[in-house]
2 protein chains.
Amino acid sequence: MRALANFTTAEIERAKRYASAIPPADLDPRIGALVNELIGRVADKWTMMILETLAEQGELRFTRLSEFVKGISQKMLTQTLRNMERDGLVICTVHPVVPPKVEYRLTGLGLRLGSAFCGVWVWAAENLDHVEKARQLFDGKAKAGS
Amino acid sequence: MRALANFTTAEIERAKRYASAIPPADLDPRIGALVNELIGRVADKWTMMILETLAEQGELRFTRLSEFVKGISQKMLTQTLRNMERDGLVICTVHPVVPPKVEYRLTGLGLRLGSAFCGVWVWAAENLDHVEKARQLFDGKAKAGS
DNA sequence: CGGGATCCTACGGGATACTG
DNA sequence: CAGTATCCCGTAGGATCCCG
């Protein structure tokens, strides 16, 4: 890890804690593969946004949910919700009334995933301008190089 | 948040910390949109896996990296690396020798994102069997219902 | 209201071949 | 070795219509 020489000590500490939290999965390579499969499933744009909305709002009906998650089509909302339900992240309660009323909320598992993702959200919020500057710099260089 | 009534207190505490960490982004709706765009960019399967590998391994050459990130095509590796470089997550060092030698490592920004994602990895490793059981249960019900 | 069923298209992404 | 360029296919995912 000599490559990390020019990071701050705080950053290195975080990296170490990061690395040390992973090993258990590496004992059996199949486990690692399964974890990656699971990550791939869950690290989906819509999954993350639905997860975030439900974690913030608590419990929502289908249409209400679609209003919070801007830009999602009803097809993707349904599809993603079904997958999340299958994975045990979400519970769907159907009230037998007309017009139908269906409410979605996170399970304990889903809630824990939500708080696990929290760090990513905070990172995004904190480093938004940082990323934008990096992009402008990169695009500027690319143009100059052509 | 009455919907959370049947969670453990620990889970509720986590949810509260979660929710309280988000608000700053909601002040200006445009910020929220930008954060979501950024999340969409970064919550990509390959981005996450490359990020993880570089956080663990420190610094790697192109081919070496492709060995760690199982299943990735060289096209996607190049593409994802370029995007990450553009976003300021990764630094690419080109050594002017033959054969070419190009090394990739995380920037401080990338490293921080890596540690932010750490929670998700831990969650995945911890709850793998939980998810699998939920899937079997769900699939069983689906079959019974048909 | 909350979806399911269809249709259709754009594009993600793999395989292969070529280059400095 | 580290890409770039080309071709090509599958499917993610939007639009639309319908139904209980």
Side-chain angles (χ1 to χ4, degrees), chain A residues 3 36-37 39-50 53-54 57 59-87 90-105 138 141-143 145-146, chain B residues 3 36-37 39-51 53-54 57 59-87 90-105 138-139 141-143 145-146:
Chain A
N36 283 341
E37 185 267 350
I39 294 282
R41 179 53 268 298
V42 127
D44 166 67
K45 181 187 176 187
W46 297 129
T47 303
M48 284 189 64
M49 296 185 64
I50 292 174
T53 304
L54 286 179
Q57 307 296 327
E59 187 169 30
L60 290 175
R61 309 177 53 166
F62 187 86
T63 304
R64 201 77 204 297
L65 193 47
S66 74
E67 290 164 5
F68 277 103
V69 184
K70 305 265 183 197
I72 195 171
S73 68
Q74 124 283 68
K75 176 182 175 177
M76 287 318 293
L77 182 54
T78 305
Q79 201 171 103
T80 310
L81 281 172
R82 285 295 160 276
N83 282 330
M84 293 176 74
E85 199 185 342
R86 188 172 106 97
D87 288 350
V90 147
I91 281 192
C92 157
T93 313
V94 182
H95 299 82
V97 298
V98 306
K101 182 175 180 180
V102 180
E103 295 199 302
Y104 292 92
R105 62 178 174 82
F138 185 88
K141 279 186 190 173
K143 193 168 287 178
S146 66
Chain B
N36 282 342
E37 185 266 350
I39 294 282
R41 180 53 268 297
V42 128
D44 166 67
K45 181 186 175 187
W46 296 130
T47 303
M48 284 188 64
M49 297 186 64
I50 292 174
L51 195 70
T53 304
L54 287 178
Q57 306 296 327
E59 187 169 30
L60 290 174
R61 308 177 54 165
F62 187 85
T63 303
R64 202 74 204 299
L65 193 47
S66 74
E67 290 163 7
F68 277 103
V69 184
K70 304 264 183 198
I72 195 170
S73 67
Q74 119 285 67
K75 177 182 173 178
M76 288 317 293
L77 181 54
T78 306
Q79 203 173 101
T80 310
L81 281 172
R82 285 294 159 277
N83 282 331
M84 293 176 73
E85 199 184 342
R86 188 172 107 96
D87 289 349
V90 147
I91 281 192
C92 157
T93 313
V94 183
H95 299 81
V97 297
V98 309
K101 182 175 180 180
V102 181
E103 295 199 300
Y104 293 92
R105 63 178 173 82
F138 185 88
D139 293 349
K141 278 186 190 172
K143 193 169 288 179
S146 66

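Order of the sequence lines fixes the chain letters, A, B, ..., with proteins taken first and strands second; residue numbering starts at 1 for each chain.
In this structure, the side-chain hydrogen bond (donor to acceptor under 3.5 Å, both in side chains) partners of A:E85, at least two apart in sequence or on a different chain, are A:R82. For B:D44, the side-chain hydrogen bond (donor to acceptor under 3.5 Å, both in side chains) test picks out B:T47, with sequence neighbours left out. Every side-chain contact (heavy atoms from CB on, under 4.5 Å) that A:V94 has, sequence neighbours left out, goes to A:C92, A:V102. Taking B:N83 as the reference, B:R41 meet the side-chain contact (heavy atoms from CB on, under 4.5 Å) condition, with sequence neighbours excluded.
Using a 4.5 Å cut-off on side-chain heavy atoms (C-beta onward), A:Y104 and A:I50 make no contact. Between B:V90 and B:L51, every side-chain heavy-atom pair lies at or beyond the 4.5 Å cut-off. Between B:L54 and B:F68, every side-chain heavy-atom pair lies at or beyond the 4.5 Å cut-off. Residues B:F138 and A:D87 form no side-chain contact, since every pair of their non-hydrogen atoms from C-beta on lies 4.5 Å or further apart. Taking the side chain as every heavy atom from C-beta outward, B:I39 and A:M48 approach each other to under 4.5 Å.
Taking CD1 of A:I91 as the reference point, atom CD of A:E103 lies at 12.5 Å (rounded to 0.5 Å). Interatomic distance, A:Q79 CD to A:S73 OG, rounded to the nearest 0.5 Å: 8.5 Å. Summarising the geometry, atom CG belonging to B:L81 is positioned 12.5 Å from atom CH2 belonging to B:W46; distances are rounded to the nearest 0.5 Å.
For the pair A:Y104 and C:dG3, the criterion of a side-chain N or O lying under 4.0 Å from OP1 or OP2 is met. Proximity of A:R61 to the phosphate of C:dG2: a side-chain N or O atom is located under 4.0 Å from OP1 or OP2.
Sorted by first and then second residue, the salt bridge (charged side-chain N to carboxylate O under 4.0 Å, His left out) pairs involving residues 66-78 of chain B (not counting sequence neighbours) are B:R64-B:E67.
Using a 4.0 Å cutoff to heavy atoms of chain B, the contacted part of DNA chain D runs 5' to 3' from D:dC1 to D:dT4.
Note that the two end axes of the helix from C:dC1-D:dG20 to C:dG20-D:dC1 enclose an angle of 50°, each drawn from 5 base pairs, rounded to 10 degrees.
Near DNA chain D, meaning a heavy atom under 4.0 Å away, the residues from residues 69-85 of chain B are B:Q74, B:T78, B:R82. Residues from residues 95-103 of chain B lying near DNA chain C, meaning a heavy-atom separation below 4.0 Å, are B:P100 in numerical order.
Here C:dC1 presents its C1' atom at 14 Å from CG of A:L65, a figure rounded to the nearest Å.
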